[in-house]
Amino acid sequence: MQNLGIAITGSGSAVPETSLHNQDLTELVETSDEWITTRTGIRQRRLALPSESLSILATAASQQAIASAGITPADLDLILLATSTPDDLFGTACKIQGALGATQAVAFDLTAACSGFVFGLVTAAQYIRTGVYQNVLLIGADILSRWVDWQDRRTCVLFGDGAGAVVLQANASDRLLGFALRSDGTQNHYLNLSYQGTSQELIPNVNVTQGTYQPITMNGKEVYRFAAQKVPEIIDKALFQANLTVDQIDWLLLHQANQRILDTVAQRLNIPEHKVISNLANYGNTSAASIPLALDEAVRQGKIKPNDIIAASGFGAGLTWGAAIFQWGR
């Protein structure tokens, strides 16, 4: 069989119109623009209005990605939606499939929090490499503003909403050069968006739980420590698998969580600042959307060019972390 490699042939992104600047947050919690900027690098974030849904943002990003790949929705075989905030707990990928008119595509959600896009990229690649599917749409999208406690100044300053998407296609040469994925559930309690319910008796001695998910809780110090240690390690592992050295990387594309994490990882890998892609000042942490959103922006700005080698790494709740080394374009 031929064409058992993969190429990432198109990208797209979508964010809500509404911006919330650091200065606006001072009306909600005791904080300041300077405090937020110096600790996180974030200056503003986009927030989805009640009329905006995850499926609307994800569909818009997908339409751009499909167009830039030069295919039609009918060409898609598979749609993967990496998200932690679906519009529907049963999943939102199928709704996007319907909105796109991708009649031939099977669609499902994948949840790996802020690592979701990298985990999704590796998952999509397996379907193509085994010859099962030719054209895959991978979306990373989250509306974390739904699940933020806007009175918790440790977390409400961090998160924003958005969607990014890429098209992966079967290709004669394999452009996914290496990857590594990891999970550590013993540290799960450091970052959560947990279900909490109360016991409800249906009939004597038969109880069920009824409730809903509670706002995001995070141990910022521990998450920072984890990312600063594990992300350089996993990128090294992926580079080793790709048989490449750090100096062969054109771009470092990390999950956009915190500018300090980006700087620390780059320093530990000896990657110069001009190779680090960062747009979190404008969008905050958009979870699974952050890598494809930053990727699409850099492609459209002409920064990322065909054949550029990108080291991408996602890290977050689970705890999960992963890295993928790929070449842009065919």
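This structure is a prediction, so every number in the text was calculated from the model and none was measured. In what follows, residues are counted from 1 in the order of the sequence shown.
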Report the C-alpha distance between Gln200 and Thr209 in whole Å, list the side-chain angles of each, state the deciding distance to 0.1 Å, and finish with yes or no for side chain to side chain donor-acceptor pair (under 3.5 Å).
-> CA-CA 6 Å; Gln200 186 177 326; Thr209 309; over 6 Å; no
Keeping the roles fixed (side chain from Gln248, backbone from Thr245), state whether a donor-acceptor pair exists under 3.5 Å.
-> yes
When clusters are formed by joining ILVMFWY residues with side-chain heavy atoms under 4.5 Å apart, either directly or through shared neighbours, do Ile291 and Ile325 land in the same one?
-> no
Evaluate side chain to side chain contact (heavy atoms under 4.5 Å, CB included) for Ile261 paired with Val231, printing each intermediate quantity in order.
-> CA-CA 9 Å; Ile261 294 174; Val231 174; 5.6 Å; no
Min side-chain heavy-atom separation Ile8-Trp328 under 4.5 Å = yes
How many angstroms lie between OG1 in Thr85 and CZ in Phe159, if you round to the nearest 0.5 Å?
-> 11.5 Å
Side chains of Ile128 and Gln169 in contact at under 4.5 Å (non-hydrogen atoms) = no
Nearest-0.5 Å distance, CD1 of residue Ile234 to CG of residue Leu239 | 11.0 Å
dist Leu295:CG -> Ile310:CD1 (nearest 0.5 Å) comes out at 5.5 Å
Does any N or O in the side chain of Gln256 come within less than 3.5 Å of the main-chain N or O of Ser290, such that one atom is a donor and the other an acceptor?
-> no
Going by the ring pair (Phe, Tyr, Trp, His ring centres under 6.0 Å) test, which pairs reach into residues 96-140, not counting sequence neighbours?
-> Tyr127-Tyr133
Going only through I, L, V, M, F, W and Y residues with side-chain contacts under 4.5 Å, is there a path from Leu78 to Ile139?
-> no
Output the distance between atom CG (Asn285) and atom CG (Asp142), rounded to the nearest 0.5 Å.
-> 9.0 Å
Check: Asn282 side chain, Asn279 main-chain N or O, donor-acceptor pair, under 3.5 Å | no
Does any non-hydrogen side-chain atom of Ile249 lie less than 4.5 Å from one of Leu244?
-> no
Between the main-chain N or O of Met218 and the side-chain N or O of Asn192, is there a donor-acceptor pair closer than 3.5 Å?
-> no
Interatomic distance, Leu137 atom CG to Ile71 atom CD1 [nearest 0.5 angstrom] = 8.0 Å
Mind jotting down which residue pairs meet the salt bridge (charged side-chain N to carboxylate O under 4.0 Å, His left out) criterion with at least one end in residues 74-91? Sequence neighbours excluded, please.
-> Asp87-Arg146
Residue pair Arg268, Gln229: steps toward the side chain to side chain donor-acceptor pair (under 3.5 Å) verdict | CA-CA 9 Å; Arg268 290 196 177 173; Gln229 183 198 345; over 6 Å; no
For the pair Asp296 (side chain) and Leu293 (backbone), establish whether a donor and an acceptor sit closer than 3.5 Å, ignoring hydrogens and angles.
-> no
Does Ile56 reach the side chain of Leu54, with side-chain heavy atoms less than 4.5 Å apart?
-> no
Return yes if some donor-acceptor pair links the side-chain N/O of Ser68 with the main-chain N/O of Ala65 below 3.5 Å, else return no.
-> yes
Is there a side chain to side chain contact (heavy atoms under 4.5 Å, CB included) between Asp149 and Ile216 once you walk through the steps?
-> CA-CA 7 Å; Asp149 176 356; Ile216 295 166; over 6 Å; no
Side chain to side chain donor-acceptor pair (under 3.5 Å) between Asp263 and Gln267, intermediate numbers included | CA-CA 6 Å; Asp263 295 342; Gln267 283 160 9; 5.7 Å; no
Are any of the side-chain heavy atoms of Pro306 and Arg330 separated by less than 4.5 Å?
-> no
Side-chain donor or acceptor of Gln241 paired with backbone N/O of Ala180 under 3.5 Å | no
Ignoring hydrogens and angles, write down the donor-acceptor pairs under 3.5 Å from the side chains of residues 37-50, residues two or more places apart or on other chains.
residue, atom, partner, partner atom, Å
Thr37, OG1, Asn22, ND2, 3.3
Thr37, OG1, Asp33, O, 2.7
Thr37, OG1, Asp33, OD1, 3.2
Thr38, OG1, Glu34, O, 2.8
Thr38, OG1, Trp35, O, 3.3
Thr40, OG1, Ile36, O, 2.6
Thr40, OG1, Ile42, N, 3.0
Gln44, OE1, Ser19, OG, 3.1
Arg45, NH1, Leu20, O, 2.8
Arg45, NH1, Asn22, OD1, 3.0
Arg45, NH2, Asn22, OD1, 2.9
Arg45, NH2, Val157, O, 2.7
Arg46, NE, Ser19, OG, 3.3
Arg46, NH1, Pro16, O, 2.8

Is it true that Asp174 and Arg129 have a side-chain N and a carboxylate O under 4.0 angstrom from each other?
-> yes
Would a 4.5 Å heavy-atom cut-off, applied to side chains only, mark Thr320 and Arg182 as touching?
-> no
Between the main-chain N or O of Thr83 and the side-chain N or O of Thr111, is there a donor-acceptor pair closer than 3.5 Å?
-> yes
By side chain to side chain contact (heavy atoms under 4.5 Å, CB included), Glu273 pairs with (sequence neighbours left out) none
Quick one: does Leu252's side chain get under 4.5 Å of Ile277's, heavy atoms only?
-> no
pair Thr286-Asp161: side-chain heavy atoms closer than 4.5 Å = no
Take Val167 and Val136 through the test side chain to side chain contact (heavy atoms under 4.5 Å, CB included) and record every step on the way to the result.
-> CA-CA 6 Å; Val167 170; Val136 180; over 6 Å; no
Listed once per pair and sorted, the ring pair (Phe, Tyr, Trp, His ring centres under 6.0 Å) pairs that draw on residues 171-190, sequence neighbours left out = none
Could you tell me the separation between the CD1 atom of Ile6 and the CZ atom of Arg175, rounded to the nearest 0.5 Å?
-> 10.5 Å
Kindly say whether Ala323 contributes a backbone atom to a donor-acceptor pair with the side chain of Ser313 at under 3.5 angstrom?
-> no
Does Asn188 use its side chain to pair, donor to acceptor, with the backbone of Leu319 at less than 3.5 Å?
-> no
Scan for ring pair (Phe, Tyr, Trp, His ring centres under 6.0 Å) pairs involving residues 219-251, sequence neighbours excluded, and state none if there are none.
-> Phe226-Trp321
Evaluation steps, side chain to side chain contact (heavy atoms under 4.5 Å, CB included), between Leu100 and Thr59 | CA-CA 7 Å; Leu100 290 170; Thr59 300; 3.9 Å; yes
